[in-house]
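Below: the structure, in C-alpha cells.
Model, not experiment: these values are computed from the prediction. Letters go in sequence order (proteins before strands), and every chain restarts at 1.
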There are 2 protein chains.
Amino acid sequence: MDSLPRTQASPGGHKILSAFDCARCQARGSCLPACGAGATGVGQLVGRRLRVARDAPLYHCGDAVNGLFYAVRYGSFKTYRADAGGRPRLAGFQLGTDMLGLDAIGLHQHSCTVVALEDSEVCEVSSDSMHGKHQHNAALQRLFHGVLSKEIAREQYLAMLLRNTRADQRLAAFLLQLSWRYAARGYSASQFRLAMSRIDIADLLGLTPESVSRLLYRFKQSGLIELSGRDIRLHDAAGLKAVVVGEGDAAPAPTSTAPPPRGTETTPDTGQQ
Amino acid sequence: MDSLPRTQASPGGHKILSAFDCARCQARGSCLPACGAGATGVGQLVGRRLRVARDAPLYHCGDAVNGLFYAVRYGSFKTYRADAGGRPRLAGFQLGTDMLGLDAIGLHQHSCTVVALEDSEVCEVSSDSMHGKHQHNAALQRLFHGVLSKEIAREQYLAMLLRNTRADQRLAAFLLQLSWRYAARGYSASQFRLAMSRIDIADLLGLTPESVSRLLYRFKQSGLIELSGRDIRLHDAAGLKAVVVGEGDAAPAPTSTAPPPRGTETTPDTGQQ
DNA sequence: CGGAACGTTGACGTACATCAAACTAGGTGG
DNA sequence: CCACCTAGTTTGATGTACGTCAACGTTCCG
C-alpha cells in the first residue's frame with residue numbers, strides 16, 4: 001500500500017495485559033459470548049488483551065495473521081484498505097464489541113490496516129481454536145458462524161450505501177447508524193461525540209471533507225441536528241431517515257409539498273460501518 | 001422491498017434433482033470441497049440439487065432460511081438487495097462454484113433476492129450440519145470458515161470499488177474481475193459472453209446504462225476491448241488495469257504522455273461482484 | 001410480423017470535486 | 001500562560017463527470 005500512517009511502534013508495540021475471563025467482562029452481554037459466557041465456554045477463547053494508544057496501529061496490511069482475530073473491548077478503531085489504485089482508503093469504524101480481523105481468517109496476511117481512534121483495548125481471540133479445541137461446542141460454533149455471517153451482511157450494506165446514493169443520503173445514513181450503534185451499547189442514541197475527523201468520515205463515504213462540512217451545515221440549518229465541533233446531537237431522527245430514503249431536504253428550500261412518501265422501511269441496524 | 005421481478009413460480013417452484021455426491025462433481029476442484037471431497041466428507045453435505053430456470057428466483061428477500069445455503073453448480077445468478085430507500089438494487093453476480101445465502105446463516109429470513117441469469121443449477125448445503133453432525137471434521141470447519149471469511153473480503157472489495165472511483169475505473173475493474181473469475185473456472189480469460197444486461201451492470205456499479213454504453217464504446221476506441229452485443233474480448237488487460245488504477249485513458253484523446261505509472265499492484269482475485 | 005425489452009447516441013443540467021484561502025483548535029515549547 | 005504551529009474545519013468560486021431526458025436503432029421472442 002502507499003503511505004499509511006505507520007506512525008507509532010510497529011506491530012507488537014502494544015501494552016499486553018494478562019489473560020482474562022469473559023464471564024467477568026461488562027461487555028459480555030453484547031460481545032461474542034452473547035449467549036452466556038459460562039455455557040459456551042467463550043471465556044477460554046480470549047488469550048490476551050492488548051492496549052493500543054491513540055493513532056497507533058493494531059496491525060498492518062501485510063502482517064502475518066497467526067490465527068487470531070480481535071474484539072474491541074473499549075475505545076474505537078478505523079480500518080484502512082487499499083483501493084483500486086493501491087492508495088489506502090478508510091473501510092470502516094469499529095466500536096466496542098465489534099470484531100477486527102474476521103476477513104483474514106482464511107488468509108496468511110492481513111489485507112487491511114487498523115488504527116486506534118483513541119486509547120483503546122482489544123481482546124485477542126484464536127480463530128484456530130474455533131475449529132480446534134472448541135469445535136465440539138455447538139453453541140459456540142453457531143454463534144461464531146452467526147458473527148461471520150453478520151459481518152458479510154454489514155459489508156453488503158456498506159457497499160449498498162455507497163453506490164447510487166447522493167452525498168446527503170450517505171451522511172444521514174452514517175449518522176443514524178452511529179446513533180444505533182451507540183444505543184446498542186447503552187449510550188445515548190441522540191447525543192454523542194464523534195471519535196473520527198471529518199476527513200475520516202469523508203474518506204469512508206467517498207466524499208471530500210468540504211462536502212461533509214457543507215452537508216452538516218445544511219442538516220443543522222434544517223433543524224435535523226445540532227453540532228459544535230465533534231459533539232453532535234440528533235434532533236430529528238425521522239427527518240434524517242427521510243433524507244436517507246431520498247425525500248428529506250433535497251433542496252435547501254423549506255418544507256415544500258413533497259410527493260407521497262414511500263412506504264418501505266429503512267434498513268435494519270446492520271452495524272459496523 | 002419495492003417491486004422485485006417476482007416473475008415466475010414462487011419459491012419452491014424449481015425442479016428438484018436427486019441427492020448427489022460431490023466426489024463425482026466436475027467442479028469439485030474449485031468448489032467448497034476444494035481440499036478433497038472424500039477426505040473432508042463434504043459430499044454428504046449436499047442435500048439436493050435445484051434447477052432454476054432463467055429469470056426465475058432461487059429465493060426471495062423475506063423467505064425463511066431453514067439453515068440452508070447454496071453453491072452454484074452451473075449457470076449464473078444475480079442478487080438483489082434493498083438500498084437505503086427500500087428500492088431493490090443489484091448487489092452482485094454469482095457464477096459457478098460461488099456461494100449463495102452465506103449472509104443469512106445467522107438469520108431467520110433472507111435479506112436479498114436471487115434470480116437466475118440463465119438456466120442454472122445449485123446444490124443445497126445445510127449450514128446447520130456445519131455446526132451439527134459435521135462439527136468434528138476439522139478440515140471441513142477450516143474450509144467453511146475460510147469460505148465465510150473470503151466472502152467478507154469480497155464484499156469489502158466491492159464497497160471499496162464503489163466509492164471514490166470514477167465510472168471508467170469501476171467498469172474496467174468489473175471487466176477484469178469477470179475475466180479472472182472465468183479464468184479461475186477454466187474458461188478463457190480474454191473472451192467471453194456477458195450473461196448480464198447493461199442495465200444490470202450499470203445497477204451493480206452505481207451507474208446508468210447510458211454511461212456503461214458510452215464507456216464501453218470508449219474502451220473499444222482505445223483498443224482495450226472488442227465487443228459486439230454481449231460478446232466481449234479483452235485485448236489489453238494491462239491497459240484496463242491502468243484505467244482501474246487511475247491512469248489509463250482518462251481523456252478520449254489518444255496515448256498522451258502519461259505521468260509515471262504508480263508501482264503498487266492491483267487487488268487480487270477477491271472474486272464475486 | 002409486431003411488440004417489448006434492450007442498447008446506443010446526443011443535448012443539457014447539476015451534484016459534487018477541485019482549487020484556494022481564511023479561520024479554529026489542540027498540542028508544544030519557550 | 002501565551003506564542004506558535006500544524007492539522008483540522010469552514011467557506012467561496014469554478015469546473016466537470018455523470019445523471020437525466022429524449023429519440024432512435026437493434027435484438028429477441030411470442
Side-chain angles (χ1 to χ4, degrees), chain A residues 3 5 7 53-55 78 87 89-90 115 117-119 162-172 193-221 225 227-232 243 246 248-253, chain B residues 3 5 7-8 53-55 78 83 87 89-90 115 117-119 162-172 193-221 225 227-232 243 246 248-253:
Chain A
S3 58
T7 37
R54 178 194 156 116
D55 289 330
K78 55 180 172 180
R87 286 159 290 259
R89 308 224 70 112
L90 237 164
V115 177
L117 281 169
E118 55 195 317
D119 292 346
L162 293 172
R163 274 194 296 177
N164 271 321
T165 56
R166 271 177 292 113
D168 57 347
Q169 293 177 277
R170 296 185 201 182
L171 186 59
R193 181 171 176 76
L194 298 172
M196 67 294 288
S197 70
R198 312 282 149 112
I199 294 177
D200 287 339
I201 298 174
D203 198 2
L204 177 75
L205 298 178
L207 304 171
T208 56
E210 293 95 325
S211 291
V212 171
S213 184
R214 277 185 257 261
L215 286 167
L216 284 175
Y217 179 76
R218 233 177 67 192
F219 288 170
K220 197 175 171 183
Q221 290 302 308
I225 66 171
L227 88 164
S228 73
R230 291 192 180 182
D231 291 306
I232 192 165
V243 173
D249 65 343
Chain B
S3 58
T7 35
Q8 309 225 356
R54 179 195 157 119
D55 288 331
K78 55 181 173 179
D83 74 354
R87 286 159 290 258
R89 307 224 70 113
L90 236 165
V115 177
L117 281 170
E118 55 195 317
D119 292 345
L162 294 172
R163 273 194 296 178
N164 271 322
T165 56
R166 270 177 294 111
D168 58 347
Q169 292 177 278
R170 296 185 201 182
L171 186 59
R193 180 171 177 78
L194 299 172
M196 67 294 288
S197 68
R198 312 282 149 112
I199 295 177
D200 287 339
I201 298 174
D203 197 3
L204 178 75
L205 298 178
L207 304 171
T208 56
E210 292 96 323
S211 291
V212 171
S213 184
R214 278 185 258 260
L215 286 167
L216 284 175
Y217 179 76
R218 232 176 68 191
F219 288 169
K220 196 175 171 183
Q221 290 302 308
I225 64 171
L227 88 164
S228 73
R230 291 192 179 183
D231 290 307
I232 192 165
V243 172
D249 64 343

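- Atom-to-atom, CD1 of A:I201 to P of C:dC16 comes out at 16 Å; the value is rounded to the nearest Å.
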For nucleotides 6-8 of chain D, print each protein N/O atom paired with a nucleotide N/O atom at under 3.5 Å, atom names and distance only.
none

Mark up nucleotides 14-30 of chain D, 5' to 3', with B wherever a protein heavy atom is under 4.0 angstrom from a base atom, S wherever such an atom reaches only the sugar-phosphate, and - elsewhere. ----SSBBB--------
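- Although no hydrogens or angles enter the test, the distance criterion places no donor-acceptor pair under 3.5 Å between the side chain of B:R89 and the main chain of B:D83.
- A donor-acceptor pair is defined here as one N or O able to donate and one able to accept, closer than 3.5 Å; no such pair exists between the side chain of A:R170 and the backbone of A:L204.
- In this structure, CG on A:L162 lies 7.0 Å from CG on B:L162, to the nearest 0.5 angstrom.
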Show your reasoning for whether side-chain contact (heavy atoms from CB on, under 4.5 Å) applies to B:I201 and B:L194. CA-CA 10 Å; B:I201 298 174; B:L194 299 172; 4.2 Å; yes
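- Of all the heavy atoms in B:V243 and B:Q169, the pair that sits closest is O-CG, 3.2 Å.
- If you take CG of A:L216 and C1' of D:dT11, they are 14 Å apart, rounded to a whole angstrom.
- Note that the NZ atom of B:K220 and the CG atom of B:L215 stand 14.0 Å from one another [nearest 0.5 Å].
- To the nearest 0.5 Å, atoms CG (A:D168) and CZ (A:R214) are separated by 14.0 Å.
- D:dT10 atom C1' lies 12 Å from atom CG of A:L227, rounded to whole Å.
- When rounded to the nearest whole Å, the span between CG of A:L171 and C1' of C:dC16 equals 14 Å.
- Panel note: side chain B:R163, backbone A:D203; a donor-acceptor pair is recorded below 3.5 Å.
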